[in-house]
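Working notes, structure below.
When a ligand or atom number is given, it counts from 1 through the structure's own listing order.
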Amino acid sequence: MLNFKMTPKKAYIHTFGCQMNMHDSEKMAGILLNEGYTLTDAPQDADIIVFNTCSIRQKAEQKFRSELGRTKSLKKEKPFLRIAVAGCIAQQQGRGIIKNNPQVDYVFGPQNLQRLGDMIRAGGPGVLTGDIPVGDSTLREISDSDLPVLRKDAIRAWVSIMYGCNNFCSYCVVPYTRGREKSRPAGSIYEEIRKLASAGFKEVTLLGQNVNSYKSEIGFGGLLRQIDAIEGIERIRFVTSHPRDFSEDLIECIKELPKVCEHIHLPLQSGSSRILKGMNRGYTYEDYMRKADKLIKKIPGIAITTDIITGFPSETVDDHASTMMALRAVEFDGIFAFKFSSRPGTKAAVMDEKVPDSVKSQRLAEILELQDEITLKKNKALEGTMQEVLIEGASKTDKGKITGRTRTNKIVNFSGNKVSPGQIADVSIVKAMRHSLVGIDSQREEELMFKDKDFR
Ligand code: 5AD
Ligand code: SF4
């Protein structure tokens, strides 16, 4: 007798870009699961391939284009294969993507991702391609709690608290791709995090382009206070903060609320006030320094990380020197540094005095070299200290060791008795590296010292 067994359809999701995109992919994975798909790591096995794209810099866009090109032959081999392009490039280029890449079936921007299920259900092969409204930002229902989410991690969760951005930094495409800023109601966020806590999650990272301008009846501080009271959640993080809107109340929250971690990602972008003005950032270097000083004084040991753009139009040798000076002055715990990338549709794209690529590269290399020294110095200062580490699992780089993160978001590889993800261990730091710390669980240390004494 023939045994017809339904094998589940397979979905491959390729994510480019930031944490928002990674979380959006978790939402799409949840939707696909509801539609009867299982996830696969192999695009050649997939029945649907979803590209969740990023247009923040040209490089991310190029990578996507070459990946998309490869799907042409796949589709020829498997005509039933569905290809979806989601994310920021989809939002910006809409139907143009299908026009230039006929193998693509669906195109939808970040505001429309919740419609993925409807699109798949409504469309037979190729039917839907012309009919998908791209860029209809009125469709976004703010209540994300209704969306199924298939999370990658069982301990740490991303939670969207707002969408879009109103800042229009002159170099940035985000306001054009993710639309105007919208805050999610506090009650819906609270509910999602309460459920996460019941499901065993220990850490939440609140996501928004500018969390300091989160608007609801309770404000961002009020939201942090509410989440801090949720039993089971041990750590609260948030990205990204905008230096212009960074408030005294937020400093108080980090200081007072036990679960809010002592780490802030506060993008400086440039150490030159003239360049900051051209970037439309809304603060000067001095404003930034005043806020950073306050943070460091009020919360000793706080880790500050930042983003830097090098080679913004008209950036001079002196402007670059100001950025180098800023790195020395703040002593960031880590930075993400990028060469300026001209993005179509932004104000900076049409600015004169573009900096040649070779100069941008040279400046970027200098910035990274200086920051490497600073990061190592900051990590070395932790040698001999005790750090609270949230365990993530077995170390991938250091066999036989356990890996986790400090409250300040530094990776620690350590030996110890506690092994379960989600447990918290007090770890003494024995050695600092540039990208991680090496430690030993304090309980294990005591045991070893005891053994050592017996031995002697
Ligand atoms: N070129 C280079 N870097 C950019 N970023 C945003 N837009 C651009 C661009 N056009 C960087 C900023 C931002 C981070 C997420 O990406 O530093 O903080
Ligand atoms: Fe882009 Fe500026 Fe908004 Fe950040 S704050 S997303 S850099 S426009």
Identify, for atom 5 (S) of ligand 2, the protein heavy atom at the shortest distance, and state residue, atom and that distance. Asn167 ND2, 3.4 Å
For Arg343, atoms of ligand 1 separated by under 4.0 Å from a heavy atom: 10 (N)
Crowding at CD, Glu286 (>12 non-hydrogen neighbours, <6.0 Å): yes
Taking side chain as C-beta onward, heavy atoms only, is Lys354 less than 4.5 Å from Pro313? yes
Starting from atom 15 (C) of ligand 1, which protein heavy atom do you reach first, and at what distance in Å? Asp307 OD2, 3.8 Å
For Cys165, the atoms of ligand 2 under 4.0 Å from one of its heavy atoms are 3 (Fe), 5 (S), 6 (S), 8 (S)
Could you check whether any heavy atom of Arg178 sits closer than 4.0 Å to an atom of ligand 2, since that is the contact criterion I want to use? no
If you draw a 6.0 Å radius around NZ in Lys347, do more than 12 non-hydrogen atoms from other residues or ligands fall strictly inside? no
Does any non-hydrogen side-chain atom of Val359 lie less than 4.5 Å from one of Glu315? no
Among Tyr171, Phe338, Phe312, the residue with a heavy atom nearest to atom 8 (C) of ligand 1 is Tyr171
Within the 4.0 Å heavy-atom shell around Ile56, which atoms of ligand 1 are there? 6 (C), 7 (N), 8 (C), 9 (C), 10 (N)
Lys377 atom NZ, neighbour heavy-atom count above 12 within 6.0 Å: no
Evaluate the side-chain proximity of Tyr176 to Thr346: yes if any heavy-atom separation is below 4.5 Å, no if none is. yes
Taking 4.0 angstrom as the limit and counting only heavy atoms of Lys339, give me the atoms of ligand 1 inside it, by number and element. 1 (N), 2 (C)
Under 3.5 Å, side chain of Asp319 to main-chain N/O of Thr316, donor-acceptor pair present? yes
Interfacing atoms of ligand 1 (cut-off 4.0 Å, heavy-atom, Ile309): 3 (N), 4 (C), 5 (N), 12 (C), 17 (O)
Option nearest atom 8 (S) of ligand 2 (shortest heavy-atom distance, choices Pro243, Pro267, Cys169): Cys169
Please write down residue, atom name and distance for the protein heavy atom closest to atom 1 (Fe) of ligand 2. Cys172 SG, 2.2 Å
Phe168 atom CZ: more than 12 heavy-atom contacts under 6.0 Å: yes
Does Arg57 make a cation-pi contact with Phe338, if we ask for NZ or CZ under 6.0 Å from the ring centre and within 45° of the axis? yes
Just which atoms of ligand 1 are under 4.0 Å from any heavy atom in Arg57? 1 (N), 2 (C), 3 (N), 4 (C), 5 (N), 11 (C), 16 (O)
Side chain proximity check, Thr205 to His23, heavy atoms < 4.5 angstrom: no
Should Ile218 and Gln226 count as side-chain neighbours, where that means a heavy-atom distance under 4.5 Å? yes
Atom 1 (N) of ligand 1 - nearest protein heavy atom and its distance: Ser341 N, 2.9 Å
May I ask you to list the atoms of ligand 1 that are less than 4.0 angstrom from any heavy atom of Gln269? 12 (C), 13 (C), 17 (O), 18 (O)
Could you list which atoms of ligand 2 come closer than 4.0 Å to a heavy atom of Pro175? 8 (S)
Considering the heavy atoms of Phe168, write down every atom of ligand 2 situated less than 4.0 Å from one of them. 8 (S)
With a 4.0 Å heavy-atom cut-off (strictly under), which part of Tyr171 contacts ligand 2: side chain, backbone, both or neither? side chain
If you have a sec, work out which protein heavy atom is nearest atom 6 (S) of ligand 2 and how many Å separate them, to one decimal? Gln209 OE1, 3.4 Å
